[in-house]
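These numbers come from a predicted model, not from an experiment.
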Amino acid sequence: EAIAGSNKLGLIRDDLIFLGYPDGGTLKLWQSYWNGRSFLNPITATNKVPYEIAQTFGAAYNAKSIINNLSQIIDGYKPTIVFAPANLDSRPDHQAAYLFTQAVVNDLQPKPQMYTYLVHQHYYPEPLRYAPYGYLVPPSDISENYFSYVNFNLTKTEEDTKYSALSQYATQVKVGRSLKAFVRQNEIFLKAKESNLYYTGLTWSNITVAPVELDIPLNLPTNYAFGYLGKGFHITEFELVNDKNDINLLFKIGFAGKIGFGSSLYLYFYPQYSHVDFQETPKYLIVISNNLRKSVRVIDLSTSKKEYFDLDFVLKEQNIEFKFSKANLPTSELIGAFTAFKGYIEKLRVYVTPWQWHNL
């Protein structure tokens, strides 16, 4: 179906590259499989790419395999613009595709522009049916703090071509959600905001690839996009302070709700460095526990034997601050980091934020 659909867009089989990583399991590779272990797909009972047409037949189901594949592909093309699924997509595989692609793109010089597209999200597109005379507009429940929305109008011929291409995905058209709902008079793409203060709602810079900005007020909490609003208990600010006179990095995290006794915050923090292969850098899971033993436990997920060490944190009303030793996190070549948050109150998950890239 992918080959037939792409053919309608003027591509041939040799233009397509399939990777073959686990359906429903790719985000798990990003979050837990950096240390050489391979993910076992419970559906197909395999832990490696089983398709001979894939880029690397037999590649292990782990994060390093995907990074190697994407690096080889992107280095071969040397693109100036890259399109990938949005990290705000509600499907984990789509989120993972964004994260792995962004990590590889970050290492390129010159760095190409990166745009993302949204497929699965609440109330998108509206109406959820074939409506060729309508327009695609961003979902109203995603905060503009994350992205600017870029609009491209389609000609009637382009719209008809899109309809023909999507019609080739017969099995997907049959499963309740209509792909043909995306056949409209325009396309929209998301331009990621690269900032370490993306929760604070700073303004966007202008984009130069002939777009028309859609001016739509989008002010609901960011984590509503995933349906875990949790009575307003969500991240409002994330900041990393690098003081040259201090041997530590200062993390500051703000919340909209009260961080009560029994709360826990799980912060994934994946730093990326210039001149250092991303797959070789440490991947940290930072667990902040507000209980009888207040602590910040840091786990390196990239080692075969997970390393643990504890830090103290300061709780100031709706803010948490803690320091992370630069000995564990060198900053001389730090270009940024990927983060995601999960919050719990007495083991009940009350909020989650999407993974996001920060320029640092």
Student: Kindly write out the residues that satisfy side chain to side chain contact (heavy atoms under 4.5 Å, CB included) with P50, not counting sequence neighbours, or none if the list is empty.
Tutor: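 P50: side chain to side chain contact (heavy atoms under 4.5 Å, CB included) contacts with T46, Y61.
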Student: What side-chain hydrogen bond (donor to acceptor under 3.5 Å, both in side chains) pairs are there with at least one residue in residues 2-19, not counting sequence neighbours?
Tutor: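 The answer is none; no pair qualifies.
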Student: Can you tell me which residue among H94, H120, Q121, Q95 is in a side chain to side chain donor-acceptor pair (under 3.5 Å) with D89?
Tutor: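 Among the candidates, only H94 passes.
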Student: Among side-chain atoms of N153 and Q185, is any donor-acceptor pair under 3.5 angstrom?
Tutor: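 No, because no side-chain N or O of N153 sits under 3.5 Å from a partner of the opposite role on Q185.
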Student: Within the 3.5 Å criterion, strictly below it, is a donor on S65 or N62 matched to an acceptor on the partner's side chain?
Tutor: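 Checked: S65/N62 side chains pair up, N/O donor to acceptor below 3.5 Å.
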Student: Determine, using the 4.5 Å side-chain heavy-atom cutoff (strictly less than), whether L315 and F322 are members of one ILVMFWY cluster.
Tutor: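 In one cluster: yes.
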Student: In the structure I gave you, are the side-chain heavy atoms of Y284 and F324 within less than 4.5 Å of one another anywhere?
Tutor: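 In short, these two side chains touch, coming nearer than 4.5 Å.
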Student: How about F338 and W357: are their ring centres within less than 6.0 Å of each other?
Tutor: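 They qualify: ring centres under 6.0 Å apart.
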Student: Hey, quick one: are L166 and L9 part of the same hydrophobic cluster, counting side-chain heavy atoms closer than 4.5 Å, chains of contacts allowed?
Tutor: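 No, because L166 and L9 fall into different hydrophobic clusters, even though each may have its own neighbours under 4.5 Å.
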Student: Show your reasoning for whether side chain to side chain donor-acceptor pair (under 3.5 Å) applies to D107 and Q272.
Tutor: CA-CA 9 Å; D107 283 334; Q272 188 164 10; 3.3 Å; yes
Student: Would the distance check show the side chain of S167 and the main-chain N or O of Y163 forming a donor-acceptor pair, the cut-off being under 3.5 Å?
Tutor: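 Yes; judged by distance alone, with no hydrogens or angles, the pair exists.
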Student: When you look at N248 and K326, which way does the side chain to side chain contact (heavy atoms under 4.5 Å, CB included) test go after all the steps?
Tutor: CA-CA 5 Å; N248 298 301; K326 292 181 183 178; 5.6 Å; no
Student: Can you list the residues that meet the ring pair (Phe, Tyr, Trp, His ring centres under 6.0 Å) rule with Y273, with sequence neighbours excluded?
Tutor: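 Once residues adjacent in sequence are excluded, Y273 has no partner under the ring pair (Phe, Tyr, Trp, His ring centres under 6.0 Å) criterion.
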Student: Hey, could you give me the OG/CG distance between S71 and L108, rounded to the nearest 0.5 Å?
Tutor: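 So the OG of S71 and the CG of L108 are separated by 8.0 Å.
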Student: Which pairs, with at least one residue in residues 35-57 and sequence neighbours excluded, count as a ring pair (Phe, Tyr, Trp, His ring centres under 6.0 Å)?
Tutor: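 Sorted result for residues 35-57: Y33-F39.
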Student: Apply side chain to side chain contact (heavy atoms under 4.5 Å, CB included) to K64 and E280, showing your working.
Tutor: CA-CA 9 Å; K64 293 185 178 181; E280 302 303 328; 4.0 Å; yes
Student: Would you say the side chain of D312 lies within less than 4.5 Å of the side chain of V296, judging by non-hydrogen atoms?
Tutor: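 SC-SC contact between V296 and D312 ruled out.
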Student: Yes or no on side chain to side chain contact (heavy atoms under 4.5 Å, CB included) for N106 and Q102, after CA distance, side-chain angles and deciding distance?
Tutor: CA-CA 6 Å; N106 287 341; Q102 182 73 68; 2.8 Å; yes
Student: Taking all heavy atoms of P125 and all of L136, pick out the closest pair and write down the distance.
Tutor: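 The answer is CB-CD2, 3.6 Å.
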Student: Between Y98 and W355, does the ring centroid distance fall short of 6.0 Å?
Tutor: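 Between W355 and Y98, which both carry aromatic rings, the centre distance is not below 6.0 Å.
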Student: List the atom of A54, the atom of V49, and the distance in Å for their closest heavy-atom pair.
Tutor: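 Taking A54 first and V49 second, the nearest heavy atoms are CB-CG1, 3.5 Å.
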Student: Quick one: do L27 and L40 end up in the same hydrophobic cluster if we chain Ile, Leu, Val, Met, Phe, Trp and Tyr together by side-chain heavy atoms under 4.5 Å apart?
Tutor: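 Not linked; separate clusters.
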Student: Could you check whether any side-chain heavy atom of S274 comes within less than 4.5 Å of a side-chain heavy atom of V276, counting everything from C-beta outward?
Tutor: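 When only atoms from C-beta onward are counted, V276 and S274 do not touch, as no gap falls below 4.5 Å.
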Student: Passes side chain to side chain donor-acceptor pair (under 3.5 Å), N319 versus K252? Steps please.
Tutor: CA-CA 7 Å; N319 297 276; K252 295 181 177 180; over 6 Å; no
Student: How long is the straight-line distance from CG of L265 back to CD1 of I286, given to the nearest 0.5 Å?
Tutor: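 Output value for this atom pair is 9.0 Å.
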Student: What heavy-atom pair brings L334 and P271 nearest, and what distance separates the two atoms?
Tutor: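 Minimum heavy-atom separation between L334 and P271: CD1-CB, 3.7 Å.
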Student: Can you name the ring pair (Phe, Tyr, Trp, His ring centres under 6.0 Å) partners of Y135, sequence neighbours left out?
Tutor: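 Listed in chain order: nothing, the list is empty.
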Student: Using ring centroids (six-membered ring only for Trp), state whether F251 and F313 fall under 6.0 Å.
Tutor: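 No, the ring of F313 stays outside the 6.0 Å limit from the ring of F251, centre to centre.
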Student: Any chance you could lay out the side chain to side chain contact (heavy atoms under 4.5 Å, CB included) test for V150 and L190, step after step, and finish with the verdict?
Tutor: CA-CA 6 Å; V150 184; L190 312 174; over 6 Å; no
Student: Decide whether L29 and I43 are clustered together by the hydrophobic rule: side chain heavy atoms of Ile, Leu, Val, Met, Phe, Trp, Tyr closer than 4.5 Å, transitively.
Tutor: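 Looking at the clustering, I43 is in a separate group from L29.
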Student: Does the side chain of V104 reach to within under 4.5 Å of the side chain of I73, using non-hydrogen atoms?
Tutor: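 Counting from C-beta outward, V104 and I73 never come under 4.5 Å.
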Student: Tell me if the NZ atom of K323 is crowded by more than 12 foreign heavy atoms within 6.0 Å.
Tutor: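 No, because the 6.0 Å sphere around NZ of K323 holds 12 heavy atoms or fewer from other groups.
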Student: May I have all residue pairs that pass salt bridge (charged side-chain N to carboxylate O under 4.0 Å, His left out) and include part of residues 27-50, sequence neighbours excluded?
Tutor: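 Checked against salt bridge (charged side-chain N to carboxylate O under 4.0 Å, His left out) - neighbours excluded - no pair reaches residues 27-50.
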Student: Determine whether L154 and Y130 fall in the same hydrophobic cluster, where Ile, Leu, Val, Met, Phe, Trp and Tyr are linked whenever their side-chain heavy atoms lie under 4.5 Å apart.
Tutor: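 No, no single cluster joins them.
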Student: How would you list, by chain and number, every residue that makes a side chain to side chain contact (heavy atoms under 4.5 Å, CB included) with A2, sequence neighbours excluded?
Tutor: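 Partners of A2 by the side chain to side chain contact (heavy atoms under 4.5 Å, CB included) criterion, ordered by chain and then number, come out as F18, Y169.
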Student: State which residues pass salt bridge (charged side-chain N to carboxylate O under 4.0 Å, His left out) with K283; sequence neighbours excluded, sorted by chain then number.
Tutor: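 Expected list: none.
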Student: About how many Å separate OH of Y117 and CZ of F182, when rounded to the nearest 0.5 Å?
Tutor: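 One gets 11.0 Å once the value is rounded to the nearest 0.5 Å.
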Student: M114 and A84: which non-hydrogen atoms are nearest, and at how many Å?
Tutor: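 Heavy-atom minimum between the residues: CE-CB, 3.8 Å.
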Student: For a side chain to side chain donor-acceptor pair (under 3.5 Å) check, start with the C-alpha distance between T26 and D93, then their side-chain angles and the critical distance, and finish with the verdict.
Tutor: CA-CA 5 Å; T26 314; D93 288 334; 3.1 Å; yes
Student: Please round to the nearest 0.5 Å and tell me the distance separating atom OG1 of T303 and atom CG of N35.
Tutor: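 So the OG1 of T303 and the CG of N35 are separated by 7.0 Å.
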Student: Applying side chain to side chain donor-acceptor pair (under 3.5 Å), name anything that partners T157, two or more places apart in sequence or on another chain.
Tutor: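 For T157, no residue satisfies side chain to side chain donor-acceptor pair (under 3.5 Å) once neighbours in sequence are set aside.
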Student: Quick one: pull up CD in Q168 and CD1 in I3 and give me the separation to the nearest 0.5 Å.
Tutor: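 Interatomic distance, Q168 CD to I3 CD1, rounded to 0.5 Å: 12.0 Å.
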Student: Looking at side-chain heavy atoms only, is the closest gap between P138 and I188 below 4.5 Å?
Tutor: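 Side chain of P138 against side chain of I188, heavy atoms only: contact under 4.5 Å found.
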Student: Which residues satisfy the ring pair (Phe, Tyr, Trp, His ring centres under 6.0 Å) test with F100, sequence neighbours excluded?
Tutor: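 Testing F100 for ring pair (Phe, Tyr, Trp, His ring centres under 6.0 Å), a comparison that skips the adjacent residues, returns W30.
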Student: Do the side chains of I67 and W34 get nearer than 4.5 Å, heavy atoms only?
Tutor: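 Yes, their side chains come closer than 4.5 Å.
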Student: Taking ring pair (Phe, Tyr, Trp, His ring centres under 6.0 Å) as the definition, give me every residue that meets it alongside F189, ordered by chain and number, with sequence neighbours left out.
Tutor: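 Only F83, F152 meet the ring pair (Phe, Tyr, Trp, His ring centres under 6.0 Å) criterion with F189.
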Student: Apply side chain to side chain donor-acceptor pair (under 3.5 Å) to N69 and list each qualifying residue two or more places apart in sequence or on a separate chain.
Tutor: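 Y21, T56.
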Student: Does a donor on one side chain and an acceptor on the other come within less than 3.5 Å for N68 and Q72?
Tutor: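 Distance-only check fails for N68 and Q72.
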Student: For the residue pair T171 / E1, report whether a side-chain donor-acceptor contact shorter than 3.5 Å exists.
Tutor: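 Yes, side-chain donor-acceptor contact under 3.5 Å.
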Student: For the CZ atom of R91 and the CG atom of L118, what is their distance to the nearest 0.5 Å?
Tutor: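 Taking CZ in R91 and CG in L118, the distance rounds to 11.5 Å.
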Student: Heavy-atom distance under 4.5 Å between the side chains of V82 and T101, does that happen here?
Tutor: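 Result yes, sub-4.5 Å side-chain heavy-atom pair found.
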Student: Ignoring hydrogens and angles, state whether a donor on the side chain of Q113 or Y115 is under 3.5 Å from an acceptor on the partner side chain.
Tutor: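 There is such a pair (donor and acceptor under 3.5 Å, judged by atom type) between the side chains of Q113 and Y115.
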